[in-house]
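Okay, structure first, notes after.
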Amino acid sequence: MFNELMRVTVMVASTAGHQFQLMEASINEIHCSLRSGKLTCHDLVRQYLDRIKAYDQLGPTLNAMLYVNPKVLQQADAMDKQLKRGTQFKPLQCIPVVLKDNFGTADMPTAGASLALKGMQLTKDAFAVARLRQNGALILGKTNMHELALAGLTLSSLGGQTKNPYELSRTPGGSSGGTGAALAANFATVGASSDTVNSIRSPASANSLVGIRPTRGLISRAGVLPVSFTQDAAGPLARTVADAAVMLDVMAGYDPDDPVTALGIGRIPATYSASLDCNGLKSARIGVLRTLFGSGPDHEEVNRVMANALEVLKRKGTILVEIDDAAFDTGTLNSDLDVQKYEYKFQLDNFLRAQPSPPVHSLAELIASNKYHKASLEKFLALAESYENGLNEPDYKARRVKIDDLRVKLANLMAKNNVVALVYPHQKRLPVMIGEMNQAQRNGILASLAGFPAITVPAGFSTPTVSAPIGVPVGIEFLGLPFSEPQLLQIAYGFEQATRARKPPPSTPPINGR
């Protein structure tokens with residue numbers, strides 16, 4: 001699984017990069033160090049590879065990485081030569097990015113972390129990946145995920161179980177938990193992930209990160225292994241709101257291979273970074289959606305962190321409006337409106353047929369291969385395969401009508417209360433322990449069904465314990481109206497700057513002091 005690059009032991013910092021501190025380094029900090037000559041692209045990549053070497057399969061054995069790009073150092077060297085010639089910096093120039101293993105790449109396999117798809121090679125990059133490369137990014141590698149993006153534990157037949165770096169006995173959320181754990185542990189600068197129900201924001205919450213599920217139509221899903229054309233989205237994971245905004249700038253745009261992106265034409269600002277305002281919370285009216293808070297003993301830690309977060313919002317001038325409406329109960333939405341089981345077979349079969357030589361050609365063949373994690377996937381896969389055509393099922397059609405109604409109800413709820421966003425915990429309780437088979441009580445389904453944007457930001461930590469020395473991360477989520485990403489980024493950035501809640505995990509400390 002790991003290539004020749006990983007034989008190299010941890011290296012002492014080069015003279016050029018001696019003053020550069022890798023831990024928690026942002027895009028802007030990396031670019032400043034590159035421009036000043038304190039850092040080379042090669043040294044930056046080498047330091048990230050050293051951390052992967054030290055902590056992914058050794059030490060805490062996070063098991064976040066599935067594949068490391070064997071040409072990444074060579075690509076970094078080429079970029080260094082370009083920079084010496086005075087090449088203009090692109091938004092992601094020399095920035096190491098990790099991709100969830102469902103993002104198609106022409107130069108690396110894409111398997112959705114499934115043994116049934118091991119070695120599958122796509123003919124071209126996913127649209128979002130192509131945009132990343134065009135803007136200077138270095139694709140460092142692929143991360144583990146919950147197999148086929150169908151659950152939230154980040155457990156797969158190809159990659160095994162990824163651990164939460166804050167408490168190694170817990171899951172890192174999912175399905176993008178490998179990307180989440182990798183970024184939390186400083187294996188890369190930023191990441192690209194997908195979200196069908198919770199899958200970007202769940203790892204953001206569980207790993208003290210920023211995750212954005214954009215408005216439906218803002219970022220193309222073409223070339224990403226699909227689940228549901230109604231609910232799928234692609235978006236960024238990062239350690240800071242500013243880095244997430246840069247990623248959004250790069251990834252957003254029209255793609256004829258994903259026609260829904262036509263809805264974004266004319267709705268994308270020149271740069272999302274212009275929305276970052278330290279005073280972004282002042283006078284903002286935000287609805288506290290109490291329906292999405294828990295009330296039992298399992299919810300106490302999350303509720304304590306959220307109570308503190310709401311106090312911060314108020315101190316910074318936010319006008320909080322209490323809202324409680326049973327129509328938005330996420331348990332009910334998951335059971336009554338989710339359409340994954342009806343769309344999955346249609347989506348996967350079409351995706352596989354479009355590949356030149358896939359290991360399997362259909363969901364039926366994938367099931368017959370027996371090369372998947374049965375305990376977490378067997379029930380869903382069998383159900384999805386049982387429909388001759390899920391899109392013709394009466395219940396599916398009824399759910400689509402209900403989803404349309406939900407969008408109107410959600411927009412109307414915000415209009416009636418005169419709020420620009422809603423706020424709630426992404427997850428009502430802390431991420432589950434490894435071995436449990438359901439990442440319980442997450443609230444991501446509301447934005448996923450409505451197609452509205454949502455951003456999850458670090459809110460704080462649970463009470464420290466022996467196994468979680470600084471506690472377990474808790475994420476706060478802000479949801480807005482379609483194409484209100486600038487407003488959400490303004491709110492999220494104001495909150496981030498007021499709290500500075502993110503902390504790196506103790507399980508993956510600096511190497512050689514940086």
Side-chain angles (χ1 to χ4, degrees), residues 62-64 100-102 112-114 143-167 169-184 191 193-209 211 213 224-228 231-235 237 292 294 298-299 302 330-331 333-335 338-341 344 372-381 384 424-449 454 456 472-475 477:
L62 295 184
N63 203 32
K100 186 176 181 179
D101 191 41
N102 59 348
S114 178
T143 54
N144 195 26
M145 55 186 282
H146 199 101
E147 189 162 350
L148 303 173
L150 293 177
L153 304 170
T154 307
L155 173 62
S156 70
S157 62
L158 185 58
Q161 175 70 63
T162 299
K163 300 176 184 176
N164 188 313
Y166 292 90
E167 185 169 20
S169 55
R170 287 188 188 270
T171 75
S175 60
S176 311
T179 308
L183 295 179
S193 291
S194 66
D195 187 312
T196 303
V197 180
N198 304 280
S199 297
I200 290 172
R201 296 157 293 149
S202 170
S205 178
N207 293 280
S208 196
L209 299 172
R213 180 192 166 95
V224 180
L225 196 66
V227 176
S228 161
Q231 296 174 211
D232 283 351
L237 269 169
L292 274 56
D298 286 348
H299 308 127
V302 170
T330 49
L333 296 180
N334 273 294
S335 63
D338 185 281
V339 294
Q340 294 175 84
K341 62 185 179 182
Y344 185 62
Y372 62 91
H373 193 272
K374 289 194 174 183
S376 65
L377 298 183
E378 188 168 33
K379 182 178 179 180
F380 176 85
L381 294 182
Y424 46 86
H426 174 76
Q427 188 151 316
K428 295 179 184 179
R429 50 170 286 194
L430 298 178
V432 299
M433 308 302 288
I434 289 173
E436 294 188 42
M437 295 311 294
N438 178 36
Q439 196 70 253
Q441 299 184 8
R442 296 179 292 173
N443 288 320
I445 188 75
L446 181 58
S448 301
L449 290 172
T456 299
V472 178
V474 174
E477 184 158 307

Legend entry - T171 to N164 - nearest heavy-atom pair and separation: O-ND2, 3.1 Å

Inset, instruction - Ignoring hydrogens and angles, tell me if any N or O in the side chain of Q231 forms a donor-acceptor pair with the backbone of V197 under 3.5 Å. - result: no

Legend entry - Minimum side-chain heavy-atom gap S175-L150 below 4.5 Å: no

Inset, instruction - Taking atom types as modelled, find out whether Q439 and H146 have a side-chain donor-acceptor pair closer than 3.5 angstrom. - result: no

Legend entry - Shortest non-hydrogen separation from E477 to G444 and the atoms involved: OE2-CA, 4.5 Å

Legend entry - Distance in Å, S202 OG paired with R442 CZ, rounded so as to fall on 0.5 Å steps: 4.0 Å

Legend entry - Rounded distance [0.5 Å steps], CE in M433 versus CZ in R170: 5.0 Å

Legend entry - Sequence-distant partners of S156, side chain to side chain donor-acceptor pair (under 3.5 Å), two or more places apart: N144

Legend entry - Check: P425 and Q427 side chains under 4.5 Å, non-hydrogen atoms: no

Legend entry - Partners meeting side chain to side chain contact (heavy atoms under 4.5 Å, CB included) with N102 (sequence neighbours left out): K100, M145, A149, S194, V224, L225

Legend entry - Which atom of I445 lies closest to which atom of N198, heavy atoms considered: N-OD1, 4.0 Å

Inset, instruction - Supply the atom-to-atom distance S376 OG to M437 CE, rounded to the nearest 0.5 angstrom. - result: 4.5 Å

Legend entry - Side-chain heavy atoms of D338 within contact of L333, under 4.5 Å: no

Legend entry - Minimum-distance pair of heavy atoms, taken over all atoms of P165 and N207: CD-OD1, 3.3 Å

Inset, instruction - Please name the residue in the list T456, I200, T143, D195 that meets the side chain to side chain contact (heavy atoms under 4.5 Å, CB included) test with L237. - result: I200

Inset, instruction - Mark yes or no for whether S176, through its side chain, and T179, through its backbone, hold a donor-acceptor pair below 3.5 Å. - result: no

Legend entry - Reported OG1-to-CG distance for the pair T196 and L148, which is rounded to 0.5 angstrom: 11.0 Å

Legend entry - Heavy-atom closest contact (A64 atom, G178 atom, distance): CB-O, 3.5 Å

Legend entry - Atom pair CD (Q161) and CD1 (I434), whose distance is rounded to the nearest 0.5 Å: 4.5 Å

Inset, instruction - Examine distances only and state if a side-chain atom of D101 and a backbone atom of G112 form a donor-acceptor pair shorter than 3.5 Å. - result: yes

Inset, instruction - State, to 0.1 Å, how close Y166 and S208 come at their nearest heavy-atom pair, and which atoms those are. - result: OH-CB, 3.6 Å

Legend entry - Derivation and outcome, side chain to side chain donor-acceptor pair (under 3.5 Å), residues T162 and N63: CA-CA 5 Å; T162 299; N63 203 32; 4.9 Å; no

Legend entry - Separation of H426 NE2 from T330 OG1 (nearest 0.5 Å): 9.5 Å

Legend entry - Any side-chain donor near an acceptor of the partner, E147 and S114, under 3.5 Å: yes

